Each structure stands twice: as C-alpha cells, then as structure tokens.
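What follows is a set of notes on a single structure, which appears directly below.
Note that the structure is predicted; figures quoted are calculated from it, not measured. Numbers here are sequence positions counted from 1.
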Amino acid sequence: MAEVWRELQKKMPAEQAFFLSLLLAFCQYYGEAARGGNRRIEGGDPGEWNVSREWVEGALRDVQGYDLRVALFRLCDAVDWAGLEEAQLRRPARDLMRVLERARRDGRRAEEVFDDIFGLQEGDGLWLSTPACVRELIADLLGTKRTGAVADFCCGGASLGLALWKRLKTRNREMRFHGEEENRLICDIARINLYVHGGGAGEIAQRDVLEIPGPSERGGYDLILLDVPKGRNATELCDHRDPRLLWFDRKNIYADWLFILDALYRLGPSGTAAVLVTPGALIRSNEELLRKQVIENGWLEAVITLPFHLYPKHYTGTELLILNKAKRQKDRTIFIDISREYEQDGTNCCRITERGRRLACRSFLRGEEIRGVSAVCSAEELRKNRYSFKPLQYIRQEEEWEFDSDLVLKDVAQVVRGAQVARRSDVAEDGDAYFLNIRDIRGQRISLESADRVGIDSPVCKEKYRVRQDDILITSKGTALKLALAEDLGDNVYISGNLTMIRVDPEKYDPYILFEYLNSGQGRIALERIQSGTTIRILSSASLERLKIPAYDLERMKSVGARLKENQLAFYREEEERKWRFWEERKRLLKGLEGLG
C-alpha cells in the first residue's frame, strides 16, 4: 500500500490521493466490487480496473444509510476525476485497485486497510490526526472506564475516539460513539471511518467548539476526548454571555482554554475528559484563574508531558490533561513526564516508546511516584506554584538533592530584564557602548567582540541596563539556557531584552556561589521548571525572583566565593597567556615561508 501511495503522490496532491484511496477501499469492501459486479474495462485487459466517477457512483448505489451515502457522494465530489483521465494517473490508480482487491481476497479486514490509509496520511501531515502512539496511550489509561458512550470532539477522521471506543466495546457491546468536527468534508470522512470500524449506530456532528453552546449541551457526556487543533491557538475575545466563561473576568482568552472549558461544560457530574494541548496552556498567567477553578473543584486528575515532535510539521511539545469530575481524592493530582521516552518512527517524527507507555500507566493507574518520572501533589503545592500544571515543576529528578530553604532570589538580588532591541539606526561601528545579546555569551563568559556597538546617547544606554562586574547574565528568551558571570568590562556595556541581569547584594549572598548554583545540574533543573514556552523558552523576571535558592552561612559563602573568584580570574589569565604564546609561536614558525609568514 505504501509504495502505491507514494506513486500516487508523485502524480497528484496528497489530499487527492487520500480521498481516492478511501473511496476505492470502500468500494472494494462494501460496493459492487465486493459482490463481483461489473468493474473492469469492457474489452480490455482482465487486470484493468475502470477507475472512474461513473463506476464509483454505480458501485455505491446500494449502500444503506442516508448519512453514509451522503458522506460518500460528497467525498466523491471532492475527487478530481478529470485529472484521473490523464494517462499518467491511470496506471497508479489501477495499481491501487489491484492492491485493495488483493488485500480483500487475502482476508484483510476493511478496518485494517482503512487504518493503513489513515496512517499514510498521518505520516504526511495532511490532517493532524492524533498520532497512533498517543491513541494507544490514552486507550491504556482510560480503557477500564465504565461508560456507555465515547465522545470525540474536534475528531478529524475519528481515529482517536475509535481507538478507545474499540477498547471499551470489548466490555460493553452497546457502546455508542459520538464525534464532532467543524469541517464538513472531514465529518464525512469520519462517518465513513466510523462505519468501517463497526460503529454504524454512532453519529458524527458538524460543530465549531468555539461557538457558544446552548443550555441543552451542558453535562451530556461521561467520557470526552479532545485533541485541540494545531494552529488554532489564537487569542479570542471573551464573550461573557458564554456560560463556559462564567467565572472568567479577562478580556481575552487563548483558544486552547476555550476547548478545555467546552469539555468541562459538557461533561456530566461523573465524567472524565482527556485533552491534548500544547505546554503554554499549563502555565500562562492569563488563564491562571481558570486553572485555579479546576484545582479548587478537584477536577485535575493527571497531567502527562509527552515527547516533542509527535505530530508531522509541529515541533512543539504535547501535554495530556486528564480531567475527572468524579475524582475520588479531590486534593491529589498526578504529574507524569515521559518526554524523554521517545524513538524515531521511520519518518521525521518521534513516537512514545513502550517503556514510556508502561511508566505512564504505572504512575497513573497505581498512583505511584517514580523519581524522575512522576509525582503525586496536593492542591496546596499547586497553590504555592500559582496553579501551574507543568509536571516538571513537581517531579523530583534523579540527580536532584533536597535543601530546606525559604530563601528566594529577590531576597538577595535585583533582577532586571534588558532593554528592547536597538533600532538598526542606533547601531554604529564606532559606537562608544556595547549592546549585548544571546550570541555574546560564550562558554559562560561575555564576548565583546561580537557585540553590537551603539552610540552612548542611544535609548538602550540607561543605568538600569548597565552591566557591572560580578553581575550574572542569563538568557530570558531563546532555545537554550545560557549563563555568564561578568568580569570587569568597563562602564559602557548594556543588555538587550533577550538577557536578564541578576545583581547580587554582597551583604546578603555571594555572586560566585549563586552562579555556581544556577549553573549546576540542580540549578538548571530549577530554572527549567520556571521557563515557559515550547521551542522558544521564556524566563520571566517575576519567575526568577521567586526562585528558591540554598541558604548558607554568609561568612562561609564570602570565604568560598572569594577563592572561587580568585581561581576563575587566574584561569582566565592563564588561558589568555596560552593563546598569546600559541599565536606568537605560530607566527615564528611560519616566518620566512613566502605567502604564509
């Protein structure tokens, strides 16, 4: 199948290859072809299939069920049949029919073939279906739930909901399926997929989750699945007539939280929802009040951090929220991180390893804490962290050591975010001041060689942005966390907004001790916990100010810190001397060789 699919894609758009594959597979298993009807080209080679709109519509004419027939014929309308008349397309289309016929004659079930076709389009990122490894994980986590129906919102082709529906159906043969999707054509594809998987009594409805729900839609479901659509997480203007926003007083809300609230609004009093979101939903300050409501109501059962790049063309992380209105232990939430449990899936994407699935299930189903993987937290712990849902903030890592301290960074240091990036017109080769950016931190030192030069009268040259000796610089924005401890750089060095400056009060703490802590494995874990963002990480000044640091005896710190400083300066002097000797010796050795000396 994969080989024929690739050949089709060379000749037609991936979307057209998908539509055609679904239609022809359905015809093979449920249409005229399955009954041995007239399907070949008259007078032609016995192996030649008559792949045309007329044949497909004829093959489908006896399909039962009005909604299914409408879905099939609308999908038929979406196929570029005129293009298929071209000679270059006839051969791969007929090859596809032969592959499908062979699969049916070999006893492969229709649902297996359809799963293959959906898997091929998932690999191409045609529509962002929930990856198979995520579907399997959710089925493992929720596969023992007692319910009469599965609801799949923003269902796409319904693959996510069907994975759990089939698992639950082994215990309840009357299990019902309800899917919802905004796009009409994708609704049709979901209806076809549902029928093939044996869900003839199920339903697929066309609905936009962002529209205000009616009163009758409240509390109607006991099990909801929702993979928040990628690329839809724009800021939405709040309509306070929306019953889902009853306790929300902000002007704007990110769309991902409207999807989460929709699931909560439509869950029954004993319902459970599994919602897939990007990491921003766990920590953004704009929705802190909403996270607070979820915690104080005792609805958050678990948060699971999944590996990066599970979806084609999307390199962000994925978080799985398990919301349970009938949670037994209201004050307890399980946080799980399996982000490092991944492997390549044969395409450009990753998938969750078997070990990752086992660790997640063991933590969730048993409520077990595994160091470096999971933690069970009380509501009070979440209150202390401003209702952050980020698992990394609560899971103790294997290399961590514990310290008992109430000291936070703002108690001993001033934290200042840098100036906005200088205008191009402010940058001058002969400028009197240096304007530091992320690239100017190299190997925990500040390099002025690569820094922009600006005029001393530039608006970025304000006293609060000026770097002094022993200031700690840290990246406030970027893909990697970088730190440097400032040497004596002169009076005219300033920082950009991509950097944050920590100026330690030496009467309260030692800057060299603080730098060593922040740069240690323990410190970097602590800093990573308070970062927001996915690919581009953000480290806010407010988060830094609340960062807990170890408390040491001040005199002892000063003594050790002074020796650290002396040792560091001696190392830098020796390094500079070695560089000077290298270049002098090189120059001496090459002297006299024409063109090299």
Side-chain angles (χ1 to χ4, degrees), residues 1-63 68-127 129 156-157 159 185-186 188-193 195-197 312 347:
M1 174 70 79
E3 186 177 342
V4 176
W5 173 271
R6 284 192 293 271
E7 285 301 313
L8 274 174
Q9 282 194 299
K10 291 177 183 177
K11 307 290 195 311
M12 64 171 63
E15 180 182 85
Q16 285 292 310
F18 181 52
F19 295 162
L20 183 65
S21 299
L22 290 178
L23 274 175
L24 297 186
F26 195 93
C27 289
Q28 269 292 341
Y29 281 90
Y30 302 101
E32 189 74 13
R35 296 187 291 274
N38 179 22
R39 59 195 186 278
R40 310 283 185 175
I41 295 176
E42 284 188 33
D45 186 316
E48 294 285 343
W49 280 90
N50 182 13
V51 181
S52 65
R53 178 172 189 146
E54 292 72 25
W55 175 77
V56 168
E57 289 183 343
L60 299 175
R61 64 175 178 266
D62 294 330
V63 169
L68 179 62
R69 282 173 55 82
V70 169
L72 287 163
F73 278 88
R74 272 204 293 250
L75 183 59
C76 197
D77 289 339
V79 173
D80 179 15
W81 296 105
L84 279 171
E85 293 299 318
E86 297 176 16
Q88 61 175 351
L89 288 176
R90 289 186 200 133
R91 176 60 60 186
R94 290 166 184 168
D95 288 344
L96 174 61
M97 282 298 283
R98 278 194 287 273
V99 168
L100 293 169
E101 181 186 34
R102 192 181 309 121
R104 179 172 62 86
R105 291 184 181 277
D106 288 347
R108 291 201 72 204
R109 293 178 298 157
E111 63 185 79
E112 294 176 313
V113 173
F114 266 68
D115 286 343
D116 286 348
I117 295 170
F118 273 84
L120 289 167
Q121 69 85 20
E122 287 169 16
D124 287 340
L126 182 58
W127 280 305
S129 304
S159 296
L185 183 58
I186 300 178
D188 292 333
I189 291 169
R191 286 191 185 101
I192 297 165
N193 199 29
Y195 177 84
V196 168
H197 282 80
T347 66

#### Entry: Partners passing side chain to side chain donor-acceptor pair (under 3.5 Å) against Arg108 (at least two apart in sequence or in another chain)
Asp116
### Task
Look up atom CD in Glu101 and atom CD in Gln28, then write down how far apart they are to the nearest 0.5 Å.
5.5 Å
## Note on the structure
Nearest heavy-atom approach of Ala103 to Val113 is CB-CG2, 4.1 Å
### Task
Please name all residues satisfying side-chain contact (heavy atoms from CB on, under 4.5 Å) with Ala190, sequence neighbours left out, ordered by chain then number.
Cys155, Ala158, Ile204
### Query
With Ala71, which residues qualify under side-chain contact (heavy atoms from CB on, under 4.5 Å), at least two apart?
Asp188, Arg191, Ile192
### Query
Can you name the closest pair of heavy atoms from Met12 and Ala17 and give their distance?
SD-N, 3.5 Å
## Note on the structure
Distance col, row Leu72:CG vs Arg69:CZ, nearest 0.5 angstrom, shows 8.5 Å
### Euclidean distance, Asn193 CG relative to Ser159 OG, rounded to 0.5 Å
5.5 Å
### Message
Suppose we screen for salt bridge (charged side-chain N to carboxylate O under 4.0 Å, His left out). Which residues come up paired with Arg109, at least two apart in sequence or across chains?
### Response
Glu111, Glu112
## Note on the structure
Rounded to the nearest 0.5 angstrom, the CG-CD1 distance for Leu20 and Ile117 is 9.5 Å
### Query
In chain order, what residues pass the side-chain contact (heavy atoms from CB on, under 4.5 Å) check against Tyr195, with sequence neighbours excluded?
Phe26, Tyr30, Leu68
### Query
In chain order, what residues pass the salt bridge (charged side-chain N to carboxylate O under 4.0 Å, His left out) check against Asp77, with sequence neighbours excluded?
Arg53
### Contact summary for Phe114 and Ala25, nearest pair of heavy atoms
CE1-CB, 3.7 Å
#### Entry: Closest contact, heavy atoms only, Ala93 versus Leu24
O-CD1, 4.3 Å
### Task
Flag the pair Leu22 / Phe118 as yes when at least one side-chain heavy-atom distance between them is below 4.5 Å, and no otherwise.
yes
### Query
Between the side chain of Trp81 and the main-chain N/O of Glu54, is any donor-acceptor distance below 3.5 Å?
no
### Summary
Tightest non-hydrogen contact, residues Gln16 and Asp80, listed as OE1-N, 2.6 Å
#### Entry: Between CG on residue Leu75 and CD1 on residue Ile186, distance to nearest 0.5 Å
11.5 Å
#### Entry: Separation of Gln121 CD from Ile189 CD1 (nearest 0.5 Å)
8.0 Å
### Distance-minimising heavy-atom pair for Cys27 and Val56
SG-CG1, 4.0 Å
### Task
Could you tell me whether a side-chain N or O of Arg102 sits under 3.5 Å from a main-chain N or O of Val99, the two making a donor and an acceptor?
no
